[in-house]
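Worksheet: one structure, shown below.
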Amino acid sequence: SEYPLKRQSEFSWRIDPFGKMRVPGIVYADEQLIEAMDDKVFEQLCNVATLPGIVQAAYAMPDAHWGYGFPIGGVAAFDADQGGVVSAGGVGFDISCGVRALRTGLTVDEIESRRTALADALYRHVPVGVGSTGRIHLNEKGMNAMLLGGARWAVEQGYGEPADLEHIEERGCMQGADPGEISARARKRQQDEMGTLGSGNHYLEVQRVAEIYDPEIATAFGLRENDAVVFIHCGSRGLGHQIGTEFLKYMVLAASSHHIELPDRELACAPINSELGQAYLGAMRAAINCAFANRQIITHLTRQVFAEVLPQADLTLLFDVSHNTCKLETHTVEGRKRKLYVHRKGATRAFGPGHPDIPETLRAVGQPVLIGGSMGTESHILAGSSQGEELSFNSACHGAGRAMSRHQATKRWRGRSVVDELGARGIVIRSPSMRGVAEEAPGAYKDVRAVVDAAQSAGLARKVARVEPLVCIKG
Ligand code: 5GP
Ligand code: MN
Ligand code: MN
């Protein structure tokens, strides 16, 4: 790399401030992951480190890859009282994209004979693909209630159970949402899209718990080897994307009036204590509620399918956590408690044992951290660590991370062959887009095992269980 990376420990690398950097850049990874990382990640990390009010360091997780302005797998915290900023590109376009994990109450043996029927029924019942619409059509009043209520609204509408809410970040309802900041265009894009998976890397997967790494935490998570579990990965659909697009433009236009110098226009941001900063936070929080509600409705649809195909199933929520957000959190920095706006873009919040914001039943062991691999490889369940606060404001990786662009992947693989090859290995794929499958071919991603091993070795989180795909409904 042409960047001056210094190894500060076996699993962490540091770029000391140079030029306009206010803080260092820190990357958590092993040597191989670092070598494979695009220099663009280091460039973007250094750019983030120049932003006003940034605290401690700009971080990159082991799955980091090049993104819009901020790297995906990037973490940065800002202090509002020191001119700190909020950035639309630092959250990402799919606001509150995240993963929800469900236990099914079934073992793999119990679903094996019904596997294809399950895949077909899920594919029929859960809307998936570009611009897919659901059965829910929101009028103005319903839209506002959803934007304020999140998963709590969804439960009130009959999607799922009140007990689900206990196992969602923020209890499924993000405070401080401001529907007044959501444009007509964003509303229009979302009015028919509730309860839809979307396209690309979004998926609904039935998986087998293949290995338990930490029996004590796994017991607290209610996971045993050979259990069947479900992962749902999706976000705030058209609404989040529209908000990201609009506010990015506003932030670019307002930068000079806020006296912010942008090394890259994609880093557009606004002071947290500005009208625009507050407007974005209000809109972003409404989009977080949209994502919570969306995953809640999809959970309901998934339960309906299981009830039909495998009536003995009992789907309960392990956890639901986002990986594209900016959240106000209290963190100890150099011995002092501070309130910081933590951007996590393609990075999972990972609160350690005892953190008050973890559901009571899980508090002793740490927050579940849900990491997708790809449709053809393992995925992982980790738990937040105590050291995580000091290392990364309690953040960990969010996936394997892309190893090549979508475009490169479509040149290398054909969707049909990927589906057939995975089928031969016993993995049932259902997708409306063979191009999408090619873009998402397992080989287009990094080695997820190396990524979670690095996250664990660096101290960001603890490995709890490895899961392997049985059925993947892919956007
Ligand atoms: P992102 O949030 O950046 O869109 O994707 C998160 C991660 O999900 C990716 O880095 C990738 O490792 C993982 N992923 C993408 N597609 C799939 C899939 O079909 N199944 C699973 N289990 N993981 C996936
Ligand atoms: Mn995501
Ligand atoms: Mn997403």
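Start at 1 and go down the list; that is how both ligands and their atoms are numbered. All values below were derived from every heavy atom in this structure, side-chain atoms included, with hydrogens, water molecules and symmetry-related copies excluded.
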Where ligand 1 meets His323 - atom numbers and elements under 4.0 angstrom, heavy-atom basis: 2 (O)
4.0 Å heavy-atom contact, His233 with ligand 1: yes
Distance-only side-chain donor-acceptor flag, Thr316 / Arg303, under 3.5 Å: no
Mode of Lys474 contact toward ligand 1 - side chain, backbone, both, neither (heavy atoms, under 4.0 Å): side chain
Atoms in ligand 1 with a heavy atom of Glu440 nearer than 4.0 Å: 15 (C), 16 (N)
Nearest non-hydrogen protein atom, atom 7 (C) of ligand 1: Gly399 CA, 3.8 Å
Euclidean distance, Ile26 CD1 relative to Leu5 CG, rounded to 0.5 Å: 11.5 Å
Matching residue for Gln242 among Arg189, Gln190, Lys188 - test: side-chain hydrogen bond (donor to acceptor under 3.5 Å, both in side chains): Arg189
Distance filter under 4.0 Å to Glu205 heavy atoms, resulting ligand 1 atoms: 18 (C), 19 (O), 20 (N), 21 (C), 22 (N)
Minimum-distance protein heavy atom relative to atom 9 (C) of ligand 1: Tyr445 CE2, 3.5 Å
Ring center gap for His233 and Tyr203 short of 6.0 angstrom: yes
Close-contact set for ligand 1 against Gly401 heavy atoms, below 4.0 Å: 10 (O), 12 (O)
Any Phe231 heavy atom less than 4.0 Å from ligand 1: no
Atom 24 (C) of ligand 1 [closest protein heavy-atom partner, distance rounded to 0.1 Å]: Tyr203 CE2, 3.3 Å
Residue His233 atom name (nearest to the Mn ion (ligand 2); N/O/S): NE2
Aromatic Phe70 / basic Lys345 pairing, under 6.0 angstrom, 45° off normal: no
Per-atom contacts, ligand 1 versus Asn201 - under 4.0 Å to a heavy atom: 1 (P), 4 (O), 5 (O), 16 (N)
Within-cut-off N or O pair, Ala400 and ligand 1, under 3.5 Å: yes
Exercise: do Tyr445 and Glu440 side chains pair donor with acceptor under 3.5 Å: yes
Contact check: Gly372 vs ligand 1, nitrogen or oxygen atoms, below 3.5 angstrom: yes
Least distance between heavy atoms, Gly376 atom then Arg425 atom: O-NH2, 2.8 Å
Arg462 to Tyr213, cation-pi by 6.0 Å centre distance and 45° axis angle: no
Atoms of ligand 1, numbered as shown, that sit under 4.0 Å from any heavy atom of Met375: 17 (C), 18 (C), 19 (O), 20 (N)
Per-residue contact class, Lys446 against ligand 1 - non-hydrogen pairs under 4.0 Å: neither
Ser379 contact mode with ligand 1 (heavy-atom cut-off under 4.0 Å): side chain
Proximity to ligand 1 by part of Cys472, non-hydrogen separation under 4.0 Å: side chain
Opening angle between OD2 in Asp94 and NE2 in His202, taken at the Mn ion (ligand 3), to 10 degrees: 90°
Pair Tyr28 + Phe11: ring centers closer than 6.0 Å: no
Distance-only donor-acceptor check, side chains Asp63 and His398, under 3.5 Å: yes
Contact with ligand 1 for Gly346, non-hydrogen, under 4.0 angstrom: no
Between Asp94 and His202: side-chain donor-acceptor atoms closer than 3.5 Å: yes
Check: Val91 and Met284 side chains under 4.5 Å, non-hydrogen atoms: yes
Audit row: Arg466, Glu468, salt bridge (Lys or Arg N to Asp or Glu O under 4.0 Å) steps and yes/no: CA-CA 7 Å; Arg466 171 164 57 87; Glu468 291 174 354; 2.6 Å; yes
Contact check: Gly373 vs ligand 1, nitrogen or oxygen atoms, below 3.5 angstrom: yes
Phe247 and Tyr280: CA distance, side-chain angles, deciding distance, ring pair (Phe, Tyr, Trp, His ring centres under 6.0 Å) verdict: CA-CA 7 Å; Phe247 276 89; Tyr280 176 70; 5.4 Å; yes
Backbone or side-chain N or O of His398 under 3.5 Å from ligand 1 N or O: yes
Where the Mn ion (ligand 2) is the vertex, angle from Cys97 SG to His323 NE2 to 10°: 110°
